[in-house]
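Since this is a predicted model, take the numbers as computed values, not measurements. Read the numbers this way: they start at 1 and go in the same order the structure lists the ligands and their atoms.
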Amino acid sequence: MNRQEMIQHFQKIFSTQQTPRVFCAPGRVNLIGEHTDYNGGHVFPCALSFGTWAAGVKRDDTKVRLYSLNFEKTGMIETDLSRVVYDKKQDWANYPLGVLSVLLKREYPVSCGMDLLFWGNVPLGAGLSSSASIELAAAVMLNGLFDLRIPNFELSKIGQEAENKFVGMNSGIMDQFASAMGKKGRAILLDCNTLNYKLEPLNLKGVSIVICNTNKPHNLIESKYNERRAQSEHALKELQSKLPVHALGELSEEEFEQNKQLITDPVERKRAKHAVYENRRALKAAKKLEEGDLEAFGKLMNDSHVSLRDDYEVTGKELDAMAEAAWKQPGVLGARMTGGGFGGCVVALVKDENVEDFKQNVAAQYEAATGYKPDFYIASAEDGAREITE
Ligand code: GLA
């Protein structure tokens with residue numbers, strides 16, 4: 001989708017001659033550091049070329065109208081500035097409305113109604129942050145239309161608040177942060193405890209980031225996600241009976257091993273172990289990337305998958321089949337599930353010359369094991385949420 005096409009769609013759908021402003025916010029792929037963000041650890045995502053495009057104008061009254069080219073059957077969603085509340089019937093529009101509601105609650109001068117159009121190409125339910133991408137598209141658009149001058153860093157927190165408080169998914173900051181703060185050619189090493197971050201050049205030297213979609217939607221993710229989060233928080237509480245820490249991400253592997261018996265429930269002990277070790281793996285991986293040691297980076301990815309499978313238990317049959325098929329192929333440096341889990345995507349580092357064979361072989365083996373046909377995308381790291389002016 002380009003700017004001109006968005007404008008044409010907008011004029012047709014809202015029957016107007018006005019020229020809307022056009023914005024865009026990407027999805028993300030997380031390279032390593034999974035289920036660490038809400039545990040005060042590190043994540044290492046990059047923003048993708050997949051994203052959500054948004055076009056909008058202000059109105060003279062207080063009507064708020066939203067339309068998505070992806071959900072044409074749902075039609076126009078209409079409400080009023082005085083009635084921006086969650087409603088299941090509003091379906092996809094709860095994401096942008098959530099952002100609007102946070103801005104209103106924070107008393108930003110959003111003083112009139114608006115017509116807003118959305119279109120996105122982030123595969124839905126695939127763990128590539130389609131929801132953060134529409135939240136940030138809405139956030140960057142409202143920021144622009146109402147001249148709110150909120151920095152992207154802050155927009156990511158507004159997006160997360162919309163997700164947590166309006167939509168009701170208790171997610172961490174990673175997805176919204178990556179969508180807001182992504183940079184072309186860079187991955188973001190984010191410390192979710194302090195929100196300090198570093199943009200690391202993705203020097204992949206003849207290696208591609210291949211995203212393998214299991215096409216198994218992550219249906220149960222909300223309840224399981226919130227359950228994992230509660231288990232980690234309870235494990236932390238028990239550790240805090242002796243250790244002066246605020247988050248699992250503050251612990252080294254050694255400190256964890258010395259104190260893990262404080263966690264009474266063996267399942268919660270496994271959850272905490274994953275959070276501690278995965279945080280350290282993300283830090284090590286970023287260092288390996290800096291040193292140009294992609295082999296070592298790939299091994300850390302494999303370890304990450306095993307830990308997510310055995311200790312955090314968020315993979316499932318399809319993700320495991322995909323990762324196992326990927327691990328067997330020539331030219332593969334590493335592969336792991338990415339995102340929340342329970343379906344969605346595997347991310348793999350594959351030597352350029354092996355990518356075509358990789359796709360064919362993995363597709364055949366994965367389909368034989370699960371019955372699902374996979375999709376593959378080559379990822380490139382792109383810029384975060386922004387206005388499109390040409
Ligand atoms: C989802 C959440 C993120 C993060 C990942 C797991 O994508 O939205 O905040 O917790 O799962 O790493």
May I ask you to list the atoms of ligand 1 that are less than 4.0 angstrom from any heavy atom of [X]?
X	answer
Y38	10 (O)
D175	1 (C), 2 (C), 3 (C), 7 (O), 8 (O)
G172	9 (O)
M174	4 (C), 5 (C), 12 (O)
G339	6 (C), 11 (O)
Y225	1 (C), 2 (C), 3 (C), 4 (C), 9 (O), 10 (O), 11 (O)

- What heavy-atom pair brings R281 and L300 nearest, and what distance separates the two atoms?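 Here R281 and L300 meet closest at CD-O, 3.6 Å.
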- Query: For Q176 and G159, which heavy atoms make the closest approach, and how far apart are they?
  - Reply: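 Taking every non-hydrogen atom into account, CG-C, 3.7 Å.
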- Query: Which residue owns the protein heavy atom closest to atom 9 (O) of ligand 1, what's the atom, and how far is it?
  - Reply: D37 OD2, 2.5 Å
- Query: Are any of the N or O atoms of T36 closer than 3.5 Å to those of ligand 1?
  - Reply: no
- Does the side chain of E238 come under 3.5 Å of the side chain of T264 through a donor N or O and an acceptor N or O?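 Side-chain D/A pair, E238 to T264: present.
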- Query: With no hydrogens and no angle check, is any side-chain donor or acceptor of N143 less than 3.5 Å from a backbone partner on I150?
  - Reply: yes
- Task: Taking the six-membered ring of F146 (Phe, Tyr or Trp), confirm whether the NZ or CZ of K58 is under 6.0 Å from its centre and within 45° of its axis.
- Result: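 K58 over F146 ring: yes.
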- Query: What residue among E291, E278, E253 forms salt bridge (charged side-chain N to carboxylate O under 4.0 Å, His left out) with K284?
  - Reply: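 Filter result, single survivor: E253.
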- Item | Shortest reach to atom 11 (O) of ligand 1 by a heavy atom, considering only P45, G344, C192, G340 | G340
- Query: Between Y67 and F10, is the ring centre distance below 6.0 Å?
  - Reply: no
- Does ligand 1 have any atom sitting under 4.0 Å from a heavy atom of R28? yes
